[in-house]
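Structure, as structure tokens:
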Amino acid sequence: MQVVEPKAGLGVAIAATVKRDLTLMLRRRSEVINPLVFFALVITLFPLGISPDTELLAAIAPGLLWVAALLATQLSLDTLFRGDYDDGSLEQLLLSPQPLPALVLSKVLVHWLLTGLPLALMAPVLGLMLALPVGSFAVLALSLALGSASLSLIGAIGAALTVGLSRGGVLLSLLVLPLYIPVLIFGAGAVQVVILDGNAAPHLAILGAQLCLALMLSPWAIAAALRISING
Amino acid sequence: MQVVEPKAGLGVAIAATVKRDLTLMLRRRSEVINPLVFFALVITLFPLGISPDTELLAAIAPGLLWVAALLATQLSLDTLFRGDYDDGSLEQLLLSPQPLPALVLSKVLVHWLLTGLPLALMAPVLGLMLALPVGSFAVLALSLALGSASLSLIGAIGAALTVGLSRGGVLLSLLVLPLYIPVLIFGAGAVQVVILDGNAAPHLAILGAQLCLALMLSPWAIAAALRISING
Amino acid sequence: MWAFIHKLGSPKWFYAISARLQPWFWALAILLLLVGSVWGLVFAPSDYQQGNSFRIIYVHVPAAILAQSCFVTMAVAGVIFLVWKIKIADMAAAVIAPFGAAMTFVALFSGAVWGMPTWGTWWVWDARLTSMLIQLFLYLGVIALRGAFASRDSGSRAASVLALVGVVNIPIIKYSVDWWNTLHQPATFTLTERPAMPVEMWLPLLVMVLGFYCFFIALTLTRTRNEILRRESAKRWVRELVAGTARRG
Amino acid sequence: MAFDSFLALLAMEGHAPYVWSAWGLTAVLLIGSALYARAERRHLLRDLQRRQRRERHAGREDAHES
Amino acid sequence: MTFRLEARGLACERDDRRLFQDIDLEVGPGEVLRVEGPNGSGKTTLLKILSGQLTDYSGELHWCGQPMRRARSAFLANLLYLGHTPGVKAALSPLENLAWYQALCGERGDEAERMAVLADVGLHGFEDVPVAQLSAGQQRRVALARLTLTPRPLWVLDEPFTAIDKHGVARLEQRLLDHAQAGGSVILTTHHELAPLGELRRITLGHRACSVAGE
Amino acid sequence: MTFRLEARGLACERDDRRLFQDIDLEVGPGEVLRVEGPNGSGKTTLLKILSGQLTDYSGELHWCGQPMRRARSAFLANLLYLGHTPGVKAALSPLENLAWYQALCGERGDEAERMAVLADVGLHGFEDVPVAQLSAGQQRRVALARLTLTPRPLWVLDEPFTAIDKHGVARLEQRLLDHAQAGGSVILTTHHELAPLGELRRITLGHRACSVAGE
Ligand code: HEM
Ligand SMILES: Nc1ncnc2c1ncn2[C@@H]1O[C@H](COP(=O)(O)OP(=O)(O)OP(=O)(O)O)[C@@H](O)[C@H]1O
Ligand SMILES: Nc1ncnc2c1ncn2[C@@H]1O[C@H](COP(=O)(O)OP(=O)(O)OP(=O)(O)O)[C@@H](O)[C@H]1O
Ligand SMILES: [Mg+2]
Ligand SMILES: [Mg+2]
């Protein structure tokens with residue numbers, strides 16, 4: 001039997017991974033809806049806990065929406081690699097001849113497509129309920145779409161680090177939340193600026209820059225973290 | 001070999017289960033600290049996302065504290081039965097000759113001791129950071145201690161229902177958060193009443209009544225849910 | 001008594017009896033809904049305060065009432081399934097849940113749309129509105145839980161338990177939400193204190209409510225029959241029935 | 001009759017978007033669920049028929065083999 | 001009093017696929033029943049039904065002449081079930097694991113007894129190591145220690161030989177034999193060849209599944 | 001070009017306990033290497049080291065004469081590892097699982113091929129059922145289908161016979177033999193008795209652990 005030369009086929013592998021993860025998520029449709037419902041639920045909790053007063057709610061709405069979206073993204077991240085770890089596919093992913101950063105990037109991409117993007121699209125509806133001015137909806141959605149991509153990328157590092165631990169959930173939050181803070185500040189800032197009739201472009205630009213940085217660095221960090229976890 | 005008669009020994013079994021769960025949690029000390037840190041982090045995210053304005057923060061502090069505590073409890077619940085499910089001890093727990101509701105009640109008790117109670121004790125410190133009046137601290141802690149016991153009990157039903165599902169996390173929130181609302185309303189209400197120089201006793205009494213109701217009903221619901229999950 | 005319950009629980013018997021019932025309910029539903037709609041949209045007088053936006057009541061209130069009844073029905077079906085293991089009950093619960101969620105959504109949407117011209121806002125955190133929203137979440141939870149299990153039997157039982165827990169909680173939630181809103185601020189808008197409605201206004205409403213109920217029964221019958229076909233597809237009588245329909249074309 | 005003309009009915013005295021969107025959504029959901037139930041039945045019957053035909057085929061092949 | 005587990009006309013279907021039907025069986029003192037069948041024939045499912053974990057079957061199940069539903073707690077007091085997963089906590093040591101299992105039966109037990117049992121299954125020196133740091137086979141040995149520690153007449157064992165080495169398999173077979181000779185009874189599945197065991201009876205499932213496998 | 005996996009002076013300790021040391025081994029075309037040893041002697045650990053998953057060992061590992069660190073991607077292209085967990089997704093069907101594994105190797109493959117392979121491992125009729133609804137043995141068979149589907153010269157198999165029924169074990173043994181005869185090589189652990197396999201070599205670990213077990 002001859003030695004097999006490493007073939008390219010990276011495109012095939014990435015496409016198949018994206019397809020597989022999409023199938024997995026869509027097969028359990030509830031997986032896709034759950035973060036959205038969580039988002040809506042958390043937003044519902046705040047008026048119940050704070051007060052139904054519209055003015056007060058409008059004042060704190062950008063922050064509430066952003067924090068809730070952040071929590072929803074982060075919670076859904078917990079399962080990003082856990083399923084693969086439990087059934088041994090992660091082991092196999094690491095042993096595949098394809099470059100690991102590219103493969104994990106495609107997993108993160110699917111996560112964002114099915115979590116971050118729908119969250120961004122849904123945020124205006126909840127904004128309505130919190131009496132947020134209609135004019136700020138576009139910026140709200142855009143800032144969330146950009147920001148949640150960074151959140152997915154950064155959060156995936158934490159998910160990869162904790163995948164080997166049986167009770168990752170809460171620990172993951174700790175690792176990841178501090179890294180989320182810059183995204184949160186500029187994201188919520190963008191919405192607030194629009195409400196005050198300012199120009200949100202600088203904030204959005206910074207969010208974009210954060211995304212670029214995350215895109216460049218985190219695939220490697222995720223891959224390294226996965227290798228460490230599997231070693232345990 | 002003779003037939004074994006069912007022995008009583010319920011006390012021994014409960015004590016051993018409490019001891020075992022305490023040992024398990026304390027052996028991974030981070031398990032105990034994680035919900036606390038999550039609580040603290042979420043509370044720090046809000047000033048970042050909303051505004052550092054003290055007056056505004058003080059106005060919304062009771063609600064924020066209660067919602068954050070609620071989320072922290074709920075997140076830590078996900079692992080209440082999952083570990084036992086994964087390694088097969090849950091199967092054995094269900095096959096033990098002792099009454100299941102009593103055994104699960106002792107598991108929930110440990111959860112509350114190591115999550116709800118510390119959260120309640122820690123809340124005043126965070127209240128200080130949110131400029132909450134000092135006079136309300138006692139009621140804050142007391143309401144959280146009472147309320148989080150109900151939260152643990154109700155949440156355990158959801159945890160038992162989702163324990164067999166690989167991605168329980170977010171689904172669990174969906175099931176449980178709507179059921180948390182009465183506790184949240186009266187808990188946050190108690191603190192607000194004290195701030196407005198009112199009498200929080202009625203609120204606390206209702207929280208106590210809710211706890212009694214939860215104590216009476218939920219062990220049976222949890223046991224039934226576990227039997228279903230193990231069937232899956 | 002037992003024999004009767006079990007006969008009722010037998011899918012075959014149910015399939016036969018529902019075949020006879022369902023055309024009547026469909027016909028009645030269509031009739032009532034058409035009459036009610038035309039009456040409500042065209043003939044009923046407009047409200048002296050709210051003008052024509054008032055006509056939303058004819059979909060809003062029936063949907064709101066039906067949404068609540070659906071939850072109770074679903075929970076009762078869940079109990080029947082858990083206690084007596086009657087599969088029909090679970091099939092009915094499975095098809096009621098999405099419809100109930102849809103009705104809840106209709107009530108929320110029509111309420112929101114009604115709120116804009118009347119209150120000048122889409123949404124307020126009013127007690128009734130809030131508890132309706134929570135009910136939507138409860139529905140979604142039941143649906144999601146059922147779908148999350150790989151094995152259908154477990155999904156059914158889990159969803160039944162959750163529906164039961166939910167129905168115990170609904171009054172508590174309602175009570176506390178009511179209480180919450182009176183605590184924080186005097187209710188800005190009340191739904192209950194309305195000027196006594198003249199007969200020509202509430203009669204079409206009654207027709208619509210009845211129409212919605214008939215529609216609900218008809219739809220549940222039809223979809224439960226589908227569910228029977230799906231779940232009992234291996235049974236002899238279903239196979240014969242399917243072969244029969246095939247021959248007929 | 002509360003309206004003078006059909007157009008007046010459509011206009012609803014300026015409340016048209018609200019009234020018609022609420023009624024529209026209700027109609028869409030009700031009619032949609034009725035149609036869905038019918039389509040579901042048709043699909044099911046077709047699937048079951050196809051499965052039976054396949055099984056009959058398989059049965060015949062088994063008979064051939066043995 | 002002596003015990004007897006009887007099943008009459010057991011049938012089970014999962015998601016509309018019939019797994020088995022018309023299973024009649026009876027297990028009493030001194031008997032070993034081996035459930036056989038190819039992969040996917042329903043052995044695990046049958047064992048879960050017999051041990052009272054799965055309830056969606058049709059047919060009747062009796063313990064000492066009483067229907068299982070009513071005799072459940074008496075039955076559980078006599079049962080020891082070991083499934084595919086060993087049921088030991090990874091973060092606890094073997095000793096702590098066993099202590100909990102003893103307490104679940106309402107007994108306090110003592111340390112020396114547990115140490116002896118652990119040594120008996122070849123875990124001497126590992127008593128205080130967290131189970132997470134044991135190998136696959138060692139973890140299963142911790143579970144097997146319960147056979148001796150909490151004596152029960154009826155054992156239901158699903159593939160107990162998984163991951164156990166040659167020497168361990170021989171010892172476990174001996175253990176089963178001893179149990180049967182002492183008047184206990186065993187229901188087990190395994191794909192291993194077994195050395196002759198007590199009064200061994202077999203029940204074979206899934207001829208159909210076998211022919212589907214078409215090998 | 002032919003291949004060769006060499007290890008010189010491998011040693012591993014976990015948590016300050018020495019598992020094995022001074023292991024020298026060499027595997028080339030047509031060879032079958034069986035790693036033996038009692039439970040807990042370090043077989044799984046050794047296999048993980050040899051397949052490049054664990055990196056905290058001392059000693060040297062070479063692939064085709066190059067140190068493993070540098071030859072890693074060439075090595076991975078030639079390796080097929082099956083561990084204790086089968087590595088199949090419970091929510092996907094066997095067909096979808098295999099399609100992904102093929103794509104990971106950069107091949108598109110086709111449906112007919114995958115159907116044939118699945119029929120070959122006895123899963124005909126289960127191609128479209130979610131894996132969650134298969135039995136323990138059937139799940140492992142899905143993983144085993146990869147042996148035929150994505151041909152690689154070097155197989156590293158950790159207890160491949162777990163949960164497989166008698167008939168399946170015989171087929172798998174034949175499959176290993178064929179592979180060796182076609183010039184491939186196999187490293188495996190198992191507690192089963194094996195029928196004579198190609199040029200079978202053994203390496204035995206853990207005399208000390210064995211004596212600790214003290215049976
Ligand atoms: C999203 C917003 C709204 C929601 C969720 C909502 C929900 C409900 C609910 C749950 C009921 C109770 C039905 C029953 O059980 O009797 C109801 C009834 C009613 N609603 Fe709404 N509503 C909303 C907005 C509005 C608005 C804006 C109006 C008009 C100003 C309105 C007028 C009514 C009236 C007149 C009734 C009948 C009262 C009764 O039967 O007691 N609703 N609504
Ligand atoms: N994660 C770990 N951390 C620390 N020690 C470990 C870990 N995993 C295994 N060990 C130790 O390494 C030793 C060898 O384990 P390994 O799993 O390699 O054994 P094995 O030969 O495969 O046994 P088995 O036949 O039971 O599968 C065990 O004694 C165990 O205590
Ligand atoms: N949760 C489930 N839902 C639906 N079907 C299932 C489920 N678990 C098992 N099955 C089906 O039941 C059949 C029998 O499974 P079971 O696990 O009892 O087999 P087994 O005889 O123990 O096989 P093995 O020897 O592989 O362990 C399988 O064909 C499988 O498809
Ligand atoms: Mg099995
Ligand atoms: Mg091993």
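Throughout, a chain's letter reflects where its sequence line sits, starting with A, and its residues are numbered from 1. Every heavy atom of this structure was used, including side-chain atoms; hydrogens, water molecules and symmetry mates were not. This structure is a prediction, so every number in the text was calculated from the model and none was measured.
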Leading residue by heavy atom contact count with chain F [cutoff under 4.5 Å; candidates Thr45(E), Thr190(E), Ile164(E)]: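 Of the options given, most contacts go to Ile164(E).
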Polar side-chain atom of Arg152(E) near backbone of Tyr81(E) as donor-acceptor pair, under 3.5 Å: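 Checking the backbone N and O of Tyr81(E) against the side chain of Arg152(E), no donor-acceptor pair under 3.5 Å is found.
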Side chain Arg8(F), main chain His62(F), donor-acceptor under 3.5 Å: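 No; judged by distance alone, with no hydrogens or angles, the pair does not exist.
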Under 3.5 Å side-chain donor-acceptor pair for Thr55(F) and Arg69(F):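 Thr55(F) vs Arg69(F): no donor-acceptor pair found between side chains.
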Nearest non-hydrogen partners of Lys89(E) and Val131(E), listed with the distance: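 That would be O-CB, 3.6 Å.
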Interchain contact, Thr44(F) with chain E, by part (heavy-atom threshold 4.5 Å):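 Contact with chain E involves no heavy atom of Thr44(F) at all.
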Stepwise salt bridge (charged side-chain N to carboxylate O under 4.0 Å, His left out) check, Arg171(E) with Asp120(E): CA-CA 10 Å; Arg171(E) 302 246 329 186; Asp120(E) 193 48; 3.0 Å; yes
Neighbours of chain F found in residues 132-140 of chain E - heavy atoms under 4.5 Å: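 Under the 4.5 Å heavy-atom cut-off, Gln133(E), Ser135(E), Ala136(E), Gly137(E), Gln138(E) qualify.
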Pairs flagged by ring-ring contact (aromatic ring centres under 6.0 Å, His included) wherever residues 136-164 of chain E is involved - sequence neighbours left out: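 Matches after skipping sequence neighbours: Trp155(E)-His179(E), Phe161(E)-His192(E).
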side-chain contact (heavy atoms from CB on, under 4.5 Å) assessment of Leu50(F) paired with Val27(F): CA-CA 11 Å; Leu50(F) 290 180; Val27(F) 187; over 6 Å; no
